Amino acid sequence: MMANADTVKSPDGTIAVEFRLDDGIPVYNVTYKGRLAVKDSRLGLELKNAENLMDGFVLDGTSTSTFDETWRPVWGEVSQIRNHYNEYVAQLRQPSTDRKMNIRFRVYDDGVGLRYEFPQQKNLVYFTIKEEHTQFAMTGDHTAWWIPGDYDTQEYDYTESRLSEIGAMHDAAVTDNASQTQFSKTGVQTSLQMKTADGLYINIHEAALVDYSCMHLNLDDKAMVFESWLTPDAVGDKGNMQTPCKSPWRTIEVADDARRILASKLTLNLNEPCKLEDTSWIHPVKYMGVWWEMITGKSSWSYTNELPSVKLDSIDYATMKPNGTHGANNANVRRYIDFASEHGFDQLLIEGWNIGWEDWFGHQKDYVFDFVTPYPDFDIKALNDYAHSKGMKLMMHHETSGSTRNYERHMEAAYTLMNKYGYDAVKSGYVGNMLPKGEHHYGQWMNNHYLYAVKEAAKHHIMVNGHEAVRPTGLCRTYPNLVGNESARGTEYQAFGGSKTMHVTVLPFTRLKGGPMDYTPGIFEMDIEKINPNNHSHVNSTIANQLALYCTMYSPIQMAADLPENYEKHMDAFQFIKDVAVDWDDSRYLEAEPGRYVTVARKAKGTGNWFVGCVAGSEEHTSTLSLDFLDKGKKYVATIYADGKDADYKTNPASYTITKGIVTSKTRLTLRAVEGGGYAISIFEVKDDAAVKGLKKIK
């Protein structure tokens, strides 16, 4: 028997969700401006050793409400965010078991959030999820930008294809990684970006992933229906629950303009407000690092080549012969500090500073690092004193090698050491297979660990930038000391054979939906063999593209990743990296098409200055750009860093032009970006007409 359907609409009426019970089965659909975006889709959970929560329900009651607030993020793309939605709750009961389950929908002008809630009750106390069966039924064979579903990595290049082609293209989309576990030839990861034949953009992700397994999607490529697929634990279970409890939000963003997908704050709004009483110590960071020289193979993380294995409590490194390639040595670190401080950077990351790197990877070793003991050639006190004397801080690095018990065992001592020497930010890493053995990077157990690390760090006033952790789901609103994550294929892969030119035009639609990415841009030398003759990789980008990334790849923690000597060859272009802000009052997405181009303008926090970035993907792009976001009646000095006429990401990536002149809100610019190229613009408000003497208007 089909029950009557309830409908809840977004505040502006653009999006509508219909919910009903079909013979006791929860079903929903989503429309956008009257067009079906998600067809009738089933909801429910399959339990282990218990009757399922998938059917046999009756509707005990419903409730509706409206919510409208404006909140201020500690850092972000904008200085304030409106959280405005209409809510509908279906209170379900399963008469055969007398168990209760609520399904809550929040409908915004830019999308929908839905989640399962399990009230405290005598017939459902502890339960184990065998699988969650949330469906997202598509209306056709949409174009999708996807990476293979994997329990352990997101570090794949994106593939653009029809949904029906995913299965055939899956194996080619899987590339080598330190830890990887695919589950289905039609499995993909969220955030998944799609486009319908009639121009609707649909994005599926999740928000507020807490005490639950990460959700992937598995596609029935005949019916074009996605179904949630949770990450299992070491024994194959998908979640261990105790009522009262709830699932993360399942999110569906829908728009007929790609720019609205990028501008959406749905994921953040579905997370809880900030739980930290004092956030005054949290701040954006622009940093450099002793890192790229190791990634390219020029230098090593390890101190010596004499040790086939390391037992930390029985080795005296002072008696070991240095290998001569160790990057984190006193002289080299001072060289970086000198350059970074001279050019106004906040911090310097140093990897390979601590003992244990000789056999850190591939052994699932428990006691792999202690996070407090430096190598003999790294004087932690002297280097921190030197950095502080130059107005900088050092950034800590904690690689766990996947040994989470070991990290938790040492975490208090590690954070205390950071406090002692004035570190306030840590880059953590989880390379390789997990310990405990059998756990995956994205399972419930690990997700709890990542959040535990962030909470403990907050007690020490430490900001966290987690690499190889679960993809973000907006938790940076609740814990804003989570200033960054990797959790995708970053710049390092340009030194591991290269990434597709379209990659950076897709990431804002996918990975960045959940929070900022520490993408580590700013590479100026694209031929890696000029850094390491044994590495023949090429960075598939122009210099102008690299500059634009500081605007298009939003993060409050931005790295200038290249070596100082490579910046010294192009100090005129390096000026943009020095000038560009890392925190914003406003952001305007001016142009967007996944895989093709993204153009964004951002207003620097507390100023009248704007920065614009455009990245082109798999083909050349020409922008006709209006600067009408500038204040009317004011003059600005713009500096345009653009691809040169002969720029080519393969053969001539260092070809760029720099144009400086006066602009106003009436200015219109025509700018060309080559494949893998782009442009970047700094726009400074004129306070004194003397500052523009001799400059001409840019037309």
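For clarity, every value in this text was computed on a predicted model and none was experimentally measured.
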- Tightest non-hydrogen contact, residues Ile350 and His397, listed as O-CB, 3.7 Å
- Query: Got a salt bridge between Glu51 and Arg99, using NZ or NE/NH1/NH2 to carboxylate O under 4.0 Å?
  - Reply: no
- Rounded to the nearest 0.5 Å, what's the gap from NE2 on His205 to CG on Leu217? Could you check? 10.5 Å
- Query: Which heavy-atom pair separates Thr501 from Gly617 by the least distance, and what is that distance?
  - Reply: OG1-O, 3.3 Å
- Can you check whether Met194 reaches Leu192 side chain to side chain, under 4.5 Å on heavy atoms? yes
- Message: Looking at Ser555 and Asp518, would you say the former's side chain and the latter's main chain have a donor-acceptor pair under 3.5 Å?
- Response: no
- Would you say the side-chain atoms of Glu165 pair up with the backbone N or O of Arg162, donor to acceptor, closer than 3.5 Å? yes
- Note, Pro480 side chain near Trp75 side chain (heavy atom, < 4.5 Å): yes
- Message: Between Tyr493 and His503 (judged by ring centroids, cut-off 6.0 Å), do the two rings come close enough to count as a pair?
- Response: no
- Task: Would you mind checking if Glu117 and Arg104 are paired as a salt bridge, meaning a charged N to carboxylate O distance below 4.0 Å?
- Result: yes
- Task: Check whether any side-chain heavy atom of Val464 sits under 4.5 Å from a side-chain heavy atom of Ser428, and report yes or no.
- Result: yes
- Query: Which of parallel (below 30°), tilted (30 to 60°) and perpendicular (above 60°) describes His398 and Tyr407?
  - Reply: perpendicular
- Check whether any side-chain N or O of Trp353 sits under 3.5 Å from a backbone N or O of Ala328 as a donor-acceptor pair, and report yes or no. no
- Donor-acceptor pair, side chain of Thr505 and main chain of Gly595, under 3.5 angstrom: yes
- Query: With distance as the sole test, does Glu399 use its side chain to make a donor-acceptor pair with the main-chain N or O of Val431 at under 3.5 Å?
  - Reply: yes
- Message: Taking the basic N atoms (NZ, or NE/NH1/NH2) and the acidic carboxylate oxygens, is any pair closer than 4.0 Å for Asp370 and Arg409?
- Response: no
- Under-4.0 Å salt bridge between Lys437 and Glu439: no
- Item | Heavy-atom pair of closest approach, residues Pro232 and His440 | O-CD2, 3.4 Å
- Query: Below 4.5 Å, heavy atoms only, C-beta onward: do Arg477 and Cys274 meet side chain to side chain?
  - Reply: no
- Query: Is there side-chain contact between Lys238 and Trp229, with heavy atoms separated by less than 4.5 Å?
  - Reply: yes
- Query: Which of these passes side-chain contact (heavy atoms from CB on, under 4.5 Å) with Gln444: Asp237, Leu230, Asp211, Leu209?
  - Reply: Asp211
- Query: Is it true that Phe369 and Trp357 have ring centroids separated by less than 6.0 Å?
  - Reply: yes
- Task: Working to the nearest 0.5 Å, report the span between CD of Glu132 and CG of Leu53.
- Result: 11.5 Å
- Item | Any donor-acceptor N/O pair, Asp152 side chain to His441 backbone, under 3.5 Å | yes
- Query: Would Ser309 and Asp359 count as a side chain to side chain donor-acceptor pair (under 3.5 Å) if you check the C-alpha gap in whole Å, the side-chain angles of each, and the deciding distance to 0.1 Å?
  - Reply: CA-CA 5 Å; Ser309 70; Asp359 70 341; 4.8 Å; no
- Query: So, the side chain of Asn540 versus the backbone of Lys500: is there a donor-acceptor pair under 3.5 Å, distance only?
  - Reply: no
- Message: Just checking Lys365: does its NZ atom have more than 12 heavy atoms from other residues, nucleotides or ligands closer to it than 6.0 angstrom?
- Response: yes
- Sidechain N-carboxylate O distance under 4.0 Å for Arg250, Glu206: yes
- Item | Salt-bridge present (Glu351, Lys427; N to O < 4.0 Å) | yes
- Query: Between Arg489 and Asp157, is any pair of side-chain heavy atoms under 4.5 Å apart?
  - Reply: yes
- Query: Between Cys476 and Leu268, what is the shortest heavy-atom contact and its length?
  - Reply: SG-CD2, 3.8 Å
- Any side-chain heavy-atom pair of Tyr116 and Ile103 under 4.5 Å: yes
- Message: Check whether Asn52 reaches the backbone of Met54 with its side chain - one donor and one acceptor, N or O, closer than 3.5 Å.
- Response: no
- For Gln182 and Ser184, indicate whether the former's side chain and the latter's backbone hold a donor-acceptor pair under 3.5 Å. no
- Any side-chain donor-acceptor pair under 3.5 Å between Tyr519 and Gln558? no
- Item | Arg42 bridged to Asp55 by N-O distance under 4.0 Å | no
- Would you please test Asn240 and Tyr126 for side chain to side chain donor-acceptor pair (under 3.5 Å) and show each step? CA-CA 7 Å; Asn240 296 291; Tyr126 292 95; over 6 Å; no
- Query: At what distance, to the nearest 0.5 angstrom, does CD of Gln154 lie from CG of Asn177?
  - Reply: 11.0 Å
- Message: Working to the nearest 0.5 angstrom, can you tell me the gap between Lys311 NZ and Leu307 CG?
- Response: 13.0 Å
- Message: Determine whether the aromatic ring centres of residues His216 and Phe183 are separated by less than 6.0 angstrom.
- Response: yes
- Item | Note, Thr134 side chain near Phe226 side chain (heavy atom, < 4.5 Å) | no
- Could you go through the ring pair (Phe, Tyr, Trp, His ring centres under 6.0 Å) check for Phe127 and Phe118 one step at a time? CA-CA 11 Å; Phe127 64 98; Phe118 308 95; 5.1 Å; yes
- Can Lys459 and Glu456 be counted as an ion pair, charged N to O under 4.0 angstrom? yes
- Residue pair Lys265, Asp110: steps toward the salt bridge (charged side-chain N to carboxylate O under 4.0 Å, His left out) verdict: CA-CA 8 Å; Lys265 298 296 181 285; Asp110 52 353; over 6 Å; no
- Determine, step by step, whether Gln189 and Tyr442 satisfy the side chain to side chain donor-acceptor pair (under 3.5 Å) criterion, reporting the C-alpha distance in whole Å, the side-chain angles of both residues, the deciding distance to 0.1 Å, and the verdict. CA-CA 11 Å; Gln189 301 195 43; Tyr442 306 151; 4.9 Å; no
- Main-chain N/O of Lys39 paired with Ser41 side-chain donor or acceptor, under 3.5 Å: yes
- Message: Using the ring centroid of each side chain, check whether Tyr303 and Tyr375 are separated by less than 6.0 Å.
- Response: yes
- On a heavy-atom basis, the closest approach of Thr267 and Gly474 is CG2-N, 3.9 Å
- Query: Looking at Asn485, Thr510, Thr190, which hits side-chain hydrogen bond (donor to acceptor under 3.5 Å, both in side chains) with Arg471?
  - Reply: Thr190
- Task: Give the intermediate values and the outcome of side chain to side chain contact (heavy atoms under 4.5 Å, CB included) for residues Asn447 and Cys214.
- Result: CA-CA 8 Å; Asn447 294 337; Cys214 176; 4.3 Å; yes
- Any chance you could lay out the side chain to side chain donor-acceptor pair (under 3.5 Å) test for Gln193 and Asn203, step after step, and finish with the verdict? CA-CA 5 Å; Gln193 181 63 50; Asn203 186 286; 3.0 Å; yes
- Message: Tell me if the centroids of the rings in His449 and Tyr430 come within less than 6.0 Å of each other.
- Response: yes
- Rounded to the nearest 0.5 Å, how far apart are CG of Asp366 and CD of Gln364? 11.0 Å
- Enter the distance from Phe496:CZ to Thr491:OG1 here, rounded to the nearest 0.5 Å. 10.5 Å
- Item | For the student: nearest non-hydrogen atoms of Tyr287 and Met395, plus distance | CG-CE, 3.7 Å
